[in-house]
Amino acid sequence: QVQLVESGGGLVQTGGSLRLSCAASGRRFSSFTMNWFRQSPGKEREFVAAIMFSGSTTSYADSVKGRFTISRDNTKNMVFLQMNRLKPEDTAVYYCAAAEGYYLDDDLPPANGMDYWGKGTLVTVSS
C-alpha cells in the first residue's frame with residue numbers, strides 16, 4: 001500500500017509560480033512512475049506530467065511543456081511539480097498518482113492506469 005499526500009497549492013496571479021510536492025509513504029518508491037494529473041470543474045481529469053523510476057525519463061502534456069517541470073527525490077520519497085508562467089486555465093485540483101512498474105512511451109499515461117492517488121491540492125490562478 002502507498003499513501004500519497006500533496007501540498008503546495010494556493011492562489012497565485014497570472015504569470016506567477018508555484019511548487020507542488022507529493023510525499024509518498026510505503027514500499028519501493030523508486031519502482032513507481034510518479035504522475036501529476038489535474039481536474040477542473042466540469043472537466044475530466046487530465047494528465048499533466050510524469051517521471052519514471054530514476055528520474056531520467058519524463059513526459060508532459062502539450063499544454064504545460066516549457067512551463068512545468070516534474071522532478072523526484074527517491075531518498076525522501078518525494079515528487080515535485082514546479083509550475084511557472086501560470087495561466088488561469090491552469091486552475092484545477094492537482095493530484096499526485098503512482099503507477100508501479102509503468103514505462104513511459106509516446107502515449108500519455110491514462111488516469112485509469114494509476115495504482116494509487118492522493119486527495120489533491122487546489123491551484124487557483126487569478127487573471
Side-chain angles (χ1 to χ4, degrees):
Q1 189 74 10
V2 174
Q3 291 80 42
L4 303 173
V5 179
E6 304 94 338
S7 61
L11 175 64
V12 63
Q13 291 185 336
T14 297
S17 298
L18 280 176
R19 187 188 193 215
L20 304 184
S21 299
C22 173
S25 61
R27 57 182 175 84
R28 302 201 312 268
F29 177 73
S30 61
S31 69
F32 288 85
T33 287
M34 298 302 297
N35 308 262
W36 289 96
F37 286 78
R38 66 186 182 187
Q39 188 167 20
S40 304
K43 294 186 178 181
E44 293 187 356
R45 193 168 296 190
E46 64 173 355
F47 169 78
V48 176
I51 186 166
M52 280 185 62
F53 322 119
S54 65
S56 59
T57 303
T58 58
S59 177
Y60 296 92
D62 287 343
S63 58
V64 306
K65 279 181 182 176
R67 299 188 299 122
F68 290 11
T69 302
I70 189 171
S71 60
R72 66 190 294 163
D73 185 342
N74 287 346
T75 66
K76 297 181 179 179
N77 285 13
M78 297 285 295
V79 62
F80 308 97
L81 186 68
Q82 178 66 45
M83 305 186 295
N84 298 328
R85 305 202 313 273
L86 283 161
K87 306 174 181 180
E89 51 263 45
D90 294 318
T91 294
V93 177
Y94 283 71
Y95 297 92
C96 178
E100 187 167 17
Y102 185 92
Y103 283 83
L104 294 173
D105 55 21
D106 291 339
D107 295 327
L108 299 180
N112 61 11
M114 301 298 111
D115 297 308
Y116 303 99
W117 291 89
K119 293 183 178 181
T121 185
L122 177 62
V123 172
T124 303
V125 184
S126 62
S127 57

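These numbers come from the heavy atoms of this one structure, side chains and all, not from hydrogens, waters or symmetry mates.
With sequence neighbours left out, Phe47 forms a ring pair (Phe, Tyr, Trp, His ring centres under 6.0 Å) with Phe37.
Checking side-chain atoms of Thr91 against main-chain N and O of Val125 turns up a donor-acceptor pair under 3.5 Å. Judged by distance alone, with hydrogens and angles left aside, the side-chain atoms of Arg67 form a donor-acceptor pair with the main-chain N or O of Arg85 at under 3.5 Å. When atom types are taken as modelled, the side chain of Thr33 and the backbone of Tyr102 share a donor-acceptor pair closer than 3.5 angstrom. Side chain of Tyr60 to main chain of Ile70: a donor-acceptor pair is present (N/O by atom type, distance under 3.5 Å, no hydrogens or angles). A donor-acceptor pair under 3.5 Å links the side-chain atoms of Glu6 to the main chain of Gly120, judged by distance alone.
A salt bridge links Lys65 with Asp62: at least one charged nitrogen is closer than 4.0 Å to a carboxylate oxygen.
Tyr94 approaches Val48 most closely through the heavy-atom pair CE2-CG2, 4.3 Å. The two atoms that bring Trp36 and Ser21 nearest to each other are CH2-O, 3.6 Å, heavy atoms only. The two residues Asn74 and Phe53 come nearest to each other via the heavy atoms ND2-O, 2.9 Å. Across every non-hydrogen atom of Ala24 and Val2, the tightest pair is CB-CG1, 4.5 Å. Closest heavy-atom contact between Asn35 and Ala99: ND2-N, 4.1 Å. Closest approach of Thr57 to Leu104, counting heavy atoms only: O-CD1, 3.9 Å.
Taking 4.5 Å as the limit, every side-chain heavy atom of Ser71 sits out of range of all side-chain heavy atoms of Gln82. Contact of the Glu100 side chain with the Arg28 side chain is registered, since non-hydrogen atoms from C-beta on lie closer than 4.5 Å. Between Pro109 and Met114 the shortest side-chain heavy-atom distance falls below 4.5 Å.
Residue pairs meeting the side-chain hydrogen bond (donor to acceptor under 3.5 Å, both in side chains) criterion with at least one member in residues 111-127: none, sequence neighbours excluded.
Rounding to the nearest 0.5 Å places CZ of Arg38 at 14.0 Å from CD of Glu44. One distance of note links CG of Asn77 with CE of Met34; it measures 9.0 Å at 0.5 Å rounding. Taken from CE in Met83 to CZ in Arg19, the straight-line distance is 11.5 Å, to the nearest 0.5 Å.
Remark: Arg72 is positioned above the aromatic ring of Phe29, its terminal NZ or CZ atom under 6.0 angstrom from the ring centre and at most 45 degrees off the axis.
Counting Ile, Leu, Val, Met, Phe, Trp and Tyr side chains that sit under 4.5 Å apart, directly or through other members, Met78 shares a hydrophobic cluster with Phe80.
Residues Val64 and Val12 share a single hydrophobic cluster, defined by chaining ILVMFWY side chains whose heavy atoms lie under 4.5 Å apart. Residues Leu20 and Ile51 fall within the same hydrophobic cluster, defined by Ile, Leu, Val, Met, Phe, Trp and Tyr side chains chained together at heavy-atom separations under 4.5 Å.
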Residue pair Leu18, Leu86: steps toward the side-chain contact (heavy atoms from CB on, under 4.5 Å) verdict: CA-CA 8 Å; Leu18 280 176; Leu86 283 161; 4.2 Å; yes
